[in-house]
Amino acid sequence: QVQLQESGPGLVKPSQTLFLTCTVSGGSITSTPYAWNWLRQPPGKGLEWMGVLAYDGSTYYSPSLKSRTSISRDTPKNQFSLQLSSVTPEDTAVYYCACADGLRLGVTDRGEYDYWGRGTQVTVSS
């Protein structure tokens with residue numbers, strides 16, 4: 001069974017870059033047709049889809065976050081990472097990585113994803 005685990009700093013200062021890593025076990029991030037997503041949930045709000053890394057290395061981003069977001073991978077470590085630049089307090093959220101057997105662009109229905117990490121709380125504050 002595929003397992004995902006998010007890691008990264010719990011506190012980031014405004015204007016800094018947030019860097020999170022998702023470590024995958026039980027499956028390869030290069031396996032067809034899987035896609036590896038980042039989503040987040042701000043306090044009191046619904047899930048927001050941020051972007052995805054496909055098995056072939058291609059990436060797709062939410063239009064509202066595209067200018068600040070980058071997703072990359074470390075294939076030997078079977079990890080994929082999220083960078084979010086110029087963070088503000090509005091970026092405070094629980095950040096999740098999730099896997100689906102295909103692209104789910106913009107999808108926020110939890111049932112559309114096959115596996116989820118537990119989530120990691122990120123707070124943006126000075």
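Keep in mind that this is a model prediction, so the values were computed, not measured.
- Pairs of residues two or more places apart, or lying in two chains, never qualify as disulfide bond (SG atoms under 2.5 Å apart) while including a residue from residues 56-87.
- Taking the side chain as every heavy atom from C-beta outward, Ile71 and Tyr61 approach each other to under 4.5 Å.
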Working for side chain to side chain contact (heavy atoms under 4.5 Å, CB included), residues Val2 and Leu4: CA-CA 7 Å; Val2 176; Leu4 297 87; 3.9 Å; yes

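- A 6.0 Å sphere centred on CZ of Arg110 holds more than 12 heavy atoms belonging to other residues, nucleotides or ligands.
- Looking at residues two or more places apart in sequence or on another chain, you find no side-chain hydrogen bond (donor to acceptor under 3.5 Å, both in side chains) involving Thr120.
- Screening residues 44-53 for side chain to side chain donor-acceptor pair (under 3.5 Å) gives Asn37-Trp49, Arg40-Glu48 as the qualifying pairs, with residues at least two apart or on separate chains.
- When every heavy atom of Ala98 is checked against every heavy atom of Leu39, the shortest pair comes out as CB-CD1, 3.9 Å.
- Ser85 contributes atom OG, which lies 10.0 Å from atom CG of Leu65 (distance to the nearest 0.5 angstrom).
- A distance of 6.0 Å separates OH of Tyr34 from CG of Asp114, quoted to the nearest 0.5 Å.
- Legend: salt bridge (charged side-chain N to carboxylate O under 4.0 Å, His left out) pairs involving residues 95-106, not counting sequence neighbours, sorted by first then second residue: Asp101-Arg104, Arg104-Glu112.
- Closest approach of Ala35 and Leu103 over heavy atoms only: CB-CD2, 4.0 Å.
- In terms of hydrophobic clustering, with Ile, Leu, Val, Met, Phe, Trp and Tyr side chains grouped at heavy-atom distances under 4.5 Å, Leu53 and Trp38 are assigned to a common cluster.
- Residues satisfying the side chain to side chain contact (heavy atoms under 4.5 Å, CB included) criterion with Ser58, sequence neighbours excluded, are Ala54, Asp56, Tyr60.
- For residues 58-86, every residue pair satisfying the salt bridge (charged side-chain N to carboxylate O under 4.0 Å, His left out) rule, not counting sequence neighbours, is listed here: Arg68-Asp91.
- By the 6.0 Å contact criterion, CD on Gln3 is open, its count of non-hydrogen atoms from other residues, nucleotides or ligands being 12 or less.
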Just distance, no hydrogens or angles: give the donor-acceptor pairs under 3.5 Å from side chains in residues 11-20, sequence neighbours left out.
from, atom 1, to, atom 2, distance (Å)
Gln16, OE1, Lys13, N, 3.3

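- For Ser7, there are no side-chain hydrogen bond (donor to acceptor under 3.5 Å, both in side chains) partners at least two apart in sequence or on another chain.
- Looking at residues two or more places apart in sequence or on another chain, you find a side-chain hydrogen bond (donor to acceptor under 3.5 Å, both in side chains) between Ser62 and Ser64.
- With a 4.5 Å cut-off on side-chain heavy atoms, Thr23 and Asn78 do not count as touching.
- Between the side chains of Ser28 and Thr30, at least one donor N or O lies within less than 3.5 Å of an accepting N or O.
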Side chain to side chain contact (heavy atoms under 4.5 Å, CB included) evaluation trace for Val122 with Thr92: CA-CA 6 Å; Val122 175; Thr92 294; over 6 Å; no

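- For Cys22, the disulfide bond (SG atoms under 2.5 Å apart) partners at least two apart in sequence or on another chain are Cys97.
- Every residue two or more places apart in sequence or in another chain that forms a side-chain hydrogen bond (donor to acceptor under 3.5 Å, both in side chains) with Ser81 is listed here: Thr21.
- Taking the six-membered ring for Trp and the full ring otherwise, the centers of Tyr55 and Trp36 sit at least 6.0 Å from each other.
- For residues 82-124, the ring pair (Phe, Tyr, Trp, His ring centres under 6.0 Å) pairs, not counting sequence neighbours, are Tyr96-Trp116, Tyr113-Trp116.
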